[in-house]
Protein chains: 2
Amino acid sequence: MHESSPENTTIRILLVDDHPLVLEGISARLESEPGIQVIGQASNGQEALALAAEMNPDVVLMDISMPVMNGLEAAEHFHNDQPDVRVLILSMHENREYIVKMIQSGAAGYVLKDVSSDELLRAIQTVYQGGTYFSAGASEALFSEFGHSDQPDKADTGLTKREETVLKLIAEGQVNKEIARTLNISVRTVETHRQNIKQKLNIQTAAGLTKYALEHNLISL
Amino acid sequence: MHESSPENTTIRILLVDDHPLVLEGISARLESEPGIQVIGQASNGQEALALAAEMNPDVVLMDISMPVMNGLEAAEHFHNDQPDVRVLILSMHENREYIVKMIQSGAAGYVLKDVSSDELLRAIQTVYQGGTYFSAGASEALFSEFGHSDQPDKADTGLTKREETVLKLIAEGQVNKEIARTLNISVRTVETHRQNIKQKLNIQTAAGLTKYALEHNLISL
DNA sequence: TGTCGTCTCCGTATTACTACGTAAATGCAT
DNA sequence: ATGCATTTACGTAGTAATACGGAGACGACA
């Protein structure tokens, strides 16, 4: 990882935002902090990637919505091409989808644009040290989903219990004959269930059924 | 939320750990910090809940494994009964299951016991302000599960490029005829690919192929 | 140059699945 | 007890997929 005593080291930051005003504002706030150095600015993801390759920043502080290449794509590229760079997203969107996507794209943190400079500083230090930071709104949005919404909530499929059972077995890759043996019913019955399921879900292929089952948390990988 | 300038406010902390030594050590380290005040100590979850009800701490810094009532249960109780209290878990376990469970129980953060006091301080401030904090090891463990973690790591499948392409289409639910049209090849060719794929992967059904494709991140839901 | 792997295509026979339909037994609710 | 959904099962016909097989074109690499 990085240094063991980060407060003694200067964290080199690349700022990425398509609004010059925002860029300047944040830059000014950060520059006044000891231990923080803004080594570059970019106005879109493409620029950011190029600049980062040159300057090798510790942390990229980046907006999501940008022209040319948005923060999402950029984060992915960073993650693949320059994995040492920690990407901290600075966004106005409190949208769960966004946040989850960002994390999946390899971002190390997500702070909302209404945070105090104090909190922003802390976020930067956190991600710099390898941690993960979500500001209040972000973490609420995030964990209300997978966190403590108790169950992986099996959505209502409109299927009967038996049909769900059959669907699971299909999704797991069993053929009708195996399913019949498993459930101690005839192959014909399995076929009937299979038909009904496909009809109800409007899905044509076995592969599609598996995908459906996974999407709806009937089975897991 | 709380104060807007937290560095001017004293964060009142309740320490919970069943090892007196750990309790003292952390207490000493934290007390030397301005802005932090350890207002109480408890040696198990039950004590912690009782003490917290009296003293109304801002942050509960708590171990997981404890006698009488462990951190998990305690966190749940805090979440339900004293939701204003921010629970920060201090654990030696880097186990994903643990971390996920803690979050589901309403913990606001999870730091490993090997963190620096500097990082611990930052974690405390973060959760105090309503954020979520995971130290490096914790966030790695956490997000390797539900997100993406490091790479979507398209594992080596032993399949050729063409076969992977076909597999993707199969997994998406296309039938051979559609795949043939999509790729501008004959149905027979698709069949051949399909056979080779199944043979290589030792999978019998289309559903199984879909599952495989998902497991190996060839497609996503 | 020659071999190897890949991609392409086809034939034949068999098996699995689909699309329709029918219908009996069961359990649950009104 | 009657009605309704569910689960079970079968018939027939057709389509899709599989299990074998062979084979030509092409590029990479030795």
Side-chain angles (χ1 to χ4, degrees), chain A residues 151 153-221, chain B residues 152-221:
Chain A
Q151 284 119 335
D153 56 41
K154 199 186 330 190
D156 184 28
T157 53
L159 298 178
T160 65
K161 235 178 277 173
R162 198 56 160 178
E163 285 165 346
E164 262 190 25
T165 306
V166 173
L167 175 52
K168 278 187 209 175
L169 296 176
I170 292 171
E172 279 165 10
Q174 292 199 21
V175 294
N176 284 351
K177 210 182 282 181
E178 293 173 312
I179 296 172
R181 216 180 309 127
T182 303
L183 300 178
N184 280 314
I185 56 179
S186 88
V187 176
R188 315 307 308 280
T189 305
V190 179
E191 285 172 357
T192 304
H193 286 310
R194 200 180 189 119
Q195 277 179 59
N196 294 335
I197 293 165
K198 298 206 305 180
Q199 195 242 312
K200 279 186 184 176
L201 302 180
N202 194 32
I203 289 175
Q204 280 69 46
T205 68
L209 288 179
T210 295
K211 217 177 137 206
Y212 179 92
L214 284 163
E215 276 168 359
H216 293 76
N217 292 307
L218 297 180
I219 63 169
S220 50
L221 293 178
Chain B
D153 222 24
K154 200 184 327 187
D156 184 27
T157 53
L159 299 178
T160 65
K161 236 179 275 172
R162 197 56 160 178
E163 285 165 347
E164 263 191 23
T165 307
V166 173
L167 175 52
K168 277 187 207 173
L169 295 176
I170 292 171
E172 279 164 10
Q174 292 198 22
V175 294
N176 284 351
K177 209 182 283 180
E178 292 172 311
I179 296 172
R181 216 180 309 125
T182 303
L183 301 179
N184 280 313
I185 57 179
S186 88
V187 176
R188 314 307 307 282
T189 305
V190 179
E191 284 172 359
T192 303
H193 285 311
R194 200 179 189 120
Q195 277 180 59
N196 294 334
I197 292 165
K198 297 207 304 180
Q199 195 242 311
K200 280 186 183 176
L201 302 180
N202 194 31
I203 289 174
Q204 281 70 46
T205 67
L209 288 178
T210 296
K211 214 178 141 207
Y212 179 92
L214 284 164
E215 276 168 358
H216 293 75
N217 294 301
L218 297 179
I219 64 169
S220 52
L221 294 176

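In what follows, every chain begins at residue 1, and chains take the letters A, B, ... in the order their sequences are listed. Quick caveat, the model's predicted, so the values are computed rather than measured.
For B:His193 and C:dG5, the NE2 to P distance is 17 Å, given to the nearest whole Å. Taking atom CZ on B:Arg162 and atom C1' on C:dG5, their separation rounds to 16 Å, with Å as the unit. With rounding to whole Å, B:Lys200 atom NZ is found 11 Å from C:dG5 atom P. A:Arg188 places its CZ atom 16 Å from the P atom of C:dC20, with the value rounded to the nearest Å. As rounded to whole Å, 18 Å separates atom C1' of C:dC7 from atom CZ of B:Arg194. Atom pair B:Leu167:CG and C:dT6:P shows a separation of 16 Å (rounding to whole Å applied). Counting to the nearest Å, the C1' atom of C:dA19 and the CG atom of A:Asn202 are 15 Å from each other. In this structure, B:Ile170 places its CD1 atom 15 Å from P of C:dC17, rounding to the nearest Å.
Residue A:Gln204 is in sugar-phosphate contact alone, with no base atom involved, counting any heavy-atom pair closer than 4.0 Å across all strands shown. Looking at heavy-atom distances under 4.0 Å, B:Thr205 makes no contact with the nucleic acid at all.
Contact record, B:Glu164 with B:Leu159: CG-CB, 4.1 Å, taken as the closest heavy-atom pair. Counting all heavy atoms, side chain and backbone alike, B:Ala206 lies closest to B:Arg194 at CB-NH2, 3.6 Å.
Put simply, B:Thr160 has a side-chain N or O that comes within less than 4.0 Å of OP1 or OP2 on C:dC7. Phosphate proximity of C:dC9 to B:Thr189: present, with a side-chain N or O under 4.0 Å from OP1 or OP2.
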Salt bridge (charged side-chain N to carboxylate O under 4.0 Å, His left out) between B:Glu178 and B:Arg181: does it pass, once the steps are laid out?
CA-CA 5 Å; B:Glu178 292 172 311; B:Arg181 216 180 309 125; 5.6 Å; no

Any chance you could lay out the side chain to side chain contact (heavy atoms under 4.5 Å, CB included) test for A:Ile197 and A:Lys200, step after step, and finish with the verdict?
CA-CA 5 Å; A:Ile197 293 165; A:Lys200 279 186 184 176; 5.8 Å; no

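Remark: the backbone N or O of A:Ile203 is not paired with any side-chain donor or acceptor of A:Lys198 at under 3.5 angstrom.
Contacts between residues 172-180 of chain A and DNA chain C, counted as heavy-atom distances below 4.0 Å, involve A:Val175, A:Asn176, A:Lys177.
Set against C:dC7, C:dC17, C:dC9, the side chain of B:Ser186 has C:dC9 as its closest nucleotide.
Between A:His193 and A:Val190 there is no side-chain heavy-atom pair separated by less than 4.5 Å. Using a 4.5 Å cut-off on side-chain heavy atoms (C-beta onward), A:Val166 and A:Leu169 make no contact. Inter-residue side-chain proximity for B:Leu201 and B:Leu167 is flagged as met; some heavy-atom pair is nearer than 4.5 Å. Side-chain contact between A:Asn196 and A:Thr160: absent, with no pair of heavy atoms (C-beta onward) separated by less than 4.5 Å. Put simply, the side chain of A:Arg162 reaches to within 4.5 Å of the side chain of A:Ile185, judged on heavy atoms.
Closest-nucleotide positions on DNA chain C for B:Glu163 and B:Val187 were compared, and the one nearer the 5' end corresponds to B:Glu163. The nearest heavy atom of DNA chain C to B:Glu191 and to A:Lys198 marks one nucleotide each, and the one closer to the 5' end goes with B:Glu191.
Chain B approaches DNA chain D within less than 4.0 angstrom (heavy atoms of the protein), and the contacting nucleotides run 5' to 3' from D:dA16 to D:dC20.
Comparing the end axes of the helix from C:dT1-D:dA30 to C:dT30-D:dA1, each fitted to five base pairs by superposing C1' atoms of four pairs onto the next four, gives an inter-axis angle of 50° (nearest 10 degrees).
No side-chain donor-acceptor contact under 3.5 Å links A:Thr189 and A:Thr192. Between the side chains of A:Gln174 and B:Thr205, not a single donor N or O lies within less than 3.5 Å of an accepting N or O.
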